[in-house]
> 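My questions will all concern the structure given below.
We count ligands from 1, going down the list as the structure has it; atoms in each ligand are counted the same way. What's counted below: heavy atoms across the whole structure, side chains too, no hydrogens, waters or symmetry copies.
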Amino acid sequence: MSDKLFQFLSLPRQTPRTVPVAIRVLGYGEIAGDFAPPEAAAQAGRCIDCGNPYCEHACPVHNYIPNWLKLVQENRLFEAATLMHETNPLPEICGRVCPQDRLCEGACTLEQGDFGAVTIGSVERWVVDEAFRQGWRPDLSRVRETGRRVAVVGAGPAGLACADRLRRAGVAVDVYDRQREIGGLLTFGIPPFKLDKQVVRTRRAVLEEMGVAFRLGVEIGHDLPFRELLESYDAVFVGTGAYTYVDGKLPGRELHGVHDALPFLIANVDRLLDDAPPPPLLDLKGKRVVVLGGGDTGMDCNRTAVRLGAASVTCVYRRDEASMPGSAREVGYSREEGVQFLFNRQPVALLGEDGRVGAVRVVATELHDDGSGRLAPRNVPGSEADLPADVVIQAFGFRASPAPWFAEFGIAVDKDGRVLAGGEGRLPFQTTHPQVFAGGDNVRGADLVVRAVHDGREAAASIVRMLQRVEAPALAHA
Ligand SMILES: Cc1cc2nc3c(=O)[nH]c(=O)nc-3n(C[C@H](O)[C@H](O)[C@H](O)COP(=O)(O)OP(=O)(O)OC[C@H]3O[C@@H](n4cnc5c(N)ncnc54)[C@H](O)[C@@H]3O)c2cc1C
Ligand code: SF4
């Protein structure tokens, strides 16, 4: 018993081996390897069941982490997969893309004691991958159909999580998306070296087996009026994401060779999905690439540029490394793959000749406390310098992108365009239209997959409550 309790002393934290850098940069395969079953059980056994699981509190969906780690130690794989799905409809995806260092693992008691956190994310991912491989599927055999129907707009993580919960409550679900594949930014944003697209396809098959119907290539408000959804369904969940680029308003941004991050990343995913030759936008061979922005999107652009054969990739960020908003793991991978970081530099202009970009003018910054709670950069006068660049990728982030039809249906948004959901007199995630619920990036602004999953899950619970109130049908699970 005590040997087991102190396993963390003799067994160090170990993540699955990553593909060596020289090999990984040649392609787009996931770089994180898999645990072998004994490794997963041993790593799970490092959990000391500390009694106050800070990891659970820090996990946005409040996963029952110590409980499923115990099941993994005992080789009870299917039970672990079932327990994971009680709180998280997409555990294999969160296990891959969550910034664990800022969430569950950052809060692990062992991490606080400098012993190295339990590898929670890698175990979560391994359990579900392996359970799927061995034929485990969510058990809906006791679900009674309610005869109620809900439309979900957006097949991103918020919409998928909502659809999963609604099916478990016996509600029929049609998920609409303008894209040709499900996943939202999981498919058309996050690159395959972080999340293999086959993982999303497997999840699609699982959801379809659960009875979720996907209506893809349909843009609501364009191909199908929103009114039809309101008339045909008992409720609608809107998980349409946040797609307005933050514009750095840099002089010269219209120059040839300057790209926004998302079209760049999507062009790469598109040609990989279709096995097509790269469009000119992706021709980076031998070029000096400068990526502007220090978030997750910036790191994805860095690493995609490396794989496209750039001669050099320099990432410019206006604060210091400690202030970077993305995952430290992704910064580390960028560095391993040869990306140079230039911290405390503010881009002020893009310079070029004959309509083509040739350099980024940057100015040094110093950080100061402006009372906002986060150190703010201030330009140092006279410190301008020009960074040579053949291609510049702007990754300044995203804001909410409210649909033009929101206003017509009384779906209110705040001054930043985020849908107002929940609050006084409304169910959690219910919008100002009582039949319409919303969650994910369109409510929060650009955020994280796991928070979108949380919102979809909780919105589904609210929808089920509303449907019960309206006609009180007997629902199997709420
Ligand atoms: C490049 C990049 C990398 C990222 N990396 C990470 C990461 O490593 N870890 C992490 O946790 N988060 C990451 N994020 C953030 C994360 O992807 C988002 O927070 C998350 O996907 C939001 O989920 P969502 O369901 O709200 O929206 P989305 O994933 O954006 O999905 C919205 C869906 O709605 C569809 N849609 C919109 N309007 C309509 C309409 N009118 N009709 C039909 N369909 C419509 C869209 O096509 C889309 O499929 C990253 C984001 C980007 C851009
Ligand atoms: S969902 Fe994310 S934060 Fe929660 S346990 Fe899994 S990896 Fe950690």
> Looking only at heavy atoms, is any part of A158 under 4.0 Å from ligand 1, and if so is it the side chain, the backbone, or both, or is it neither?
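Within the 4.0 Å criterion, A158 contacts ligand 1 through backbone and side-chain atoms alike.
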> Would you mind listing which atoms of ligand 2 come within a distance below 4.0 Å of any non-hydrogen atom of V450?
1 (S)
> Are the charged groups of R180 and D270 less than 4.0 angstrom apart, N to O?
yes
> Any idea which protein heavy atom is nearest atom 5 (S) of ligand 2, and the distance to it?
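The closest one turns out to be N63 ND2, 3.4 Å.
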> So, D234 side chain and R148 main chain: donor-acceptor pair closer than 3.5 Å or not?
no
> Quick one: nearest non-hydrogen protein atom to atom 6 (Fe) of ligand 2, plus distance?
E124 OE1, 2.2 Å
> For atom 36 (N) of ligand 1, which candidate among R215, E181, R178 provides the closest heavy atom?
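Among R215, E181, R178, the closest heavy atom to atom 36 (N) of ligand 1 comes from R178.
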> Which ligand 1 atoms does Y243 reach within 4.0 Å, using its non-hydrogen atoms?
28 (P), 30 (O), 31 (O), 32 (C), 48 (C)
> Please list, in number order, the atoms of ligand 2 under 4.0 Å from a heavy atom of I65.
5 (S)
> Nearest to atom 8 (O) of ligand 1, what protein heavy atom do you find, and at what distance?
K194 NZ, 2.8 Å
> Compute the ring centroids of F226 and F409, then answer whether they are less than 6.0 Å apart.
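Judged by ring-centre distance (under 6.0 Å), F226 and F409 do meet the cut-off.
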> Any heavy-atom pair between the side chains of L77 and V72 that's under 4.5 Å?
no
> To which protein heavy atom is atom 42 (N) of ligand 1 closest, and what is the distance rounded to 0.1 Å?
I220 N, 2.9 Å
> Nearest protein heavy atom to atom 16 (C) of ligand 1, by residue and atom, and its distance?
V449 CG2, 3.7 Å
> I'd like to know if R399 and D247 make a salt bridge, using a cut-off of under 4.0 Å between side-chain N and carboxylate O.
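The answer is no: the pair does not qualify as a salt bridge.
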> Step through the shown structure and confirm whether more than 12 heavy atoms of other residues, nucleotides or ligands are within 6.0 Å of OH on Y64.
no
> Just need the protein heavy atom nearest to atom 50 (C) of ligand 1, so name the residue and atom and give the distance.
I190 CG1, 4.1 Å
> So which protein heavy atom does atom 8 (Fe) of ligand 2 come closest to, and at what separation?
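Result for atom 8 (Fe) of ligand 2: C104 SG, 2.3 Å.
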> Taking NZ, NE, NH1 and NH2 as the nitrogens, is one of them in K194 or D300 under 4.0 Å from a carboxylate oxygen of the other?
yes
> Can you list the atoms of ligand 2 that are under 4.0 Å from a heavy atom of C59?
1 (S), 3 (S), 4 (Fe), 5 (S)
> Are there more than 12 heavy atoms of other residues, nucleotides or ligands under 6.0 Å from atom NZ of K287?
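Yes.
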> Quick one: look up the protein heavy atom nearest atom 53 (C) of ligand 1 and list residue, atom name and how far away it is.
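In this structure, atom 53 (C) of ligand 1 has F398 CE1, 3.5 Å as its nearest protein heavy atom.
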> Can you name the atoms of ligand 1, numbered from 1 with element, that are less than 4.0 Å from a heavy atom of G241?
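The atoms of ligand 1 under 4.0 Å from a heavy atom of G241 are 27 (O), 30 (O), 32 (C).
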> Under 3.5 Å, N or O to N or O, is C98 touching ligand 1 that way?
no
> Suppose I only count heavy atoms of G184 and a 4.0 Å limit; which atoms of ligand 1 are within that range?
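Checking each atom against G184, I get 29 (O), 31 (O), 48 (C), 49 (O).
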> List ligand 2 atoms under 4.0 Å from I120, heavy atoms only on the residue side.
5 (S)
> Any chance CD of E219 has more than 12 other-residue heavy atoms, nucleotides or ligands included, within less than 6.0 Å?
yes
> Does R374, at its CZ atom, have more than 12 non-hydrogen atoms belonging to other residues, nucleotides or ligands within less than 6.0 Å?
yes
> Which of the atoms in ligand 2, numbered in the order shown and given with their element, are less than 4.0 Å from a heavy-atom of L103?
3 (S)
> Considering only non-hydrogen protein atoms, determine which one is nearest to atom 39 (C) of ligand 1 and report residue, atom name and distance to 0.1 Å.
T240 CG2, 3.7 Å
> Counting neighbours of CZ on R17 that are heavy atoms of other residues, nucleotides or ligands and sit closer than 6.0 Å, is the number greater than 12?
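Count not over threshold, so no.
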> Measuring from atom 23 (O) of ligand 1, which candidate in G440, G156, P157, G154 has the nearest non-hydrogen atom?
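Heavy atom nearest to atom 23 (O) of ligand 1 belongs to P157.
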> Can R13 and E105 be counted as an ion pair, charged N to O under 4.0 angstrom?
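Yes, this pair counts.
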> Looking at E208 and R203, does any basic side-chain N land under 4.0 Å from a carboxylate oxygen?
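Result for this pair is no, no salt bridge flagged.
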> In ligand 2, which numbered atoms sit nearer than 4.0 Å to a non-hydrogen atom of N88?
1 (S)
> Distance under 4.0 Å to a non-hydrogen atom of D300: what atoms of ligand 1 satisfy this?
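Answer for ligand 1: 1 (C), 2 (C), 3 (C), 4 (C), 5 (N).
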> Pick whichever of L103, D177, V269 has a heavy atom sitting closest to atom 48 (C) of ligand 1.
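Considering heavy atoms of L103, D177, V269, the nearest to atom 48 (C) of ligand 1 sits in D177.
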> With a sphere of 6.0 Å drawn around NE2 of H222, does it hold more than 12 non-hydrogen atoms of other residues, nucleotides or ligands?
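12 or below, so no.
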> Could you tell me whether ligand 1 has any atom less than 4.0 Å away from a heavy atom of G239?
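Yes, G239 has heavy atoms under 4.0 Å from ligand 1.
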> Would you mind finding which of L265, V153, L160 brings a heavy atom closest to atom 1 (C) of ligand 1?
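Nearest option to atom 1 (C) of ligand 1, by heavy atoms: L265.
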> Would you mind checking if R444 and D455 are paired as a salt bridge, meaning a charged N to carboxylate O distance below 4.0 Å?
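A salt bridge links D455 with R444.
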> Enumerate the atoms of ligand 1 whose separation from the nearest heavy atom of L448 is less than 4.0 angstrom.
10 (C), 11 (O), 12 (N), 19 (O)
> When you check the gap from the basic side-chain N to the acidic O, do R96 and E30 get nearer than 4.0 Å?
yes
> With atom 14 (N) of ligand 1 as the reference point, say which of D447, V97, V453 has the nearest heavy atom.
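Looking at heavy atoms only, D447 sits closest to atom 14 (N) of ligand 1.
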> Any ion pair linking D34 and R125 (charged N to carboxylate O, less than 4.0 Å)?
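Salt bridge between R125 and D34, a charged N being under 4.0 Å from a carboxylate O: yes.
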> Look at atom 52 (C) of ligand 1 and say which protein heavy atom is nearest, naming residue and atom and giving the distance to 0.1 Å.
T297 OG1, 3.6 Å
> Any carboxylate oxygen within less than 4.0 angstrom of a Lys/Arg side-chain nitrogen, looking at D296 and R329?
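Looking at D296 and R329, the cut-off is not met.
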> Numbering the atoms of ligand 2 from 1, which are under 4.0 Å from a heavy atom of C94?
1 (S), 7 (S)
> At a 4.0 Å threshold, what atoms of ligand 1 neighbour a non-hydrogen atom of D441?
18 (C), 19 (O), 20 (C), 22 (C), 26 (O)
> Look only at interatomic distance and state if Q179 has a nitrogen or oxygen under 3.5 Å from any nitrogen or oxygen of ligand 1.
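Among all N and O atoms of Q179, none is under 3.5 Å from an N or O of ligand 1.
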> Find out whether P20 and I23 are in side-chain contact, i.e. whether some heavy atom of one side chain is under 4.5 Å from a heavy atom of the other.
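A side-chain contact under 4.5 Å exists here.
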> Looking only at distance, does L185 have an N or O less than 3.5 Å from an N or O of ligand 1?
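Yes.
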> Anything under 30° is parallel, anything over 60° is perpendicular, the rest tilted; go ahead and classify H454 against F429.
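Perpendicular, since the angle between the ring planes exceeds 60°.
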> Under 2.8 Å from atom 8 (Fe) of ligand 2, is there any N, O or S atom belonging to C55?
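No.
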> At the 4.0 Å heavy-atom cut-off, does V443 count as touching ligand 1?
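No heavy atom of V443 comes that close to ligand 1.
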> Which of parallel (below 30°), tilted (30 to 60°) and perpendicular (above 60°) describes F343 and F341?
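Plane angle under 30°, so parallel.
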> Taking non-hydrogen atoms only, is R451 closer than 4.0 angstrom to ligand 1 via side chain, backbone, both or neither?
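Neither part.
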> Give the numbers and elements of all ligand 2 atoms closer than 4.0 Å to a heavy atom of C98.
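Within the 4.0 Å cut-off of C98, ligand 2 contributes 1 (S), 2 (Fe), 7 (S).
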> If you measure every N or O of L186 against every N or O of ligand 1, does any of those distances drop under 3.5 Å?
no
> Give a yes or no on whether a salt bridge exists between E330 and R303, defined as a side-chain N under 4.0 angstrom from a carboxylate O.
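Salt bridge present between E330 and R303.
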> State the atoms of ligand 1, each with its element, that fall below the 4.0 Å cut-off from a heavy-atom position in V218.
42 (N), 43 (C)
> Of all the heavy atoms in F188, does at least one lie under 4.0 Å from an atom in ligand 1?
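Flag not set, F188 not near ligand 1.
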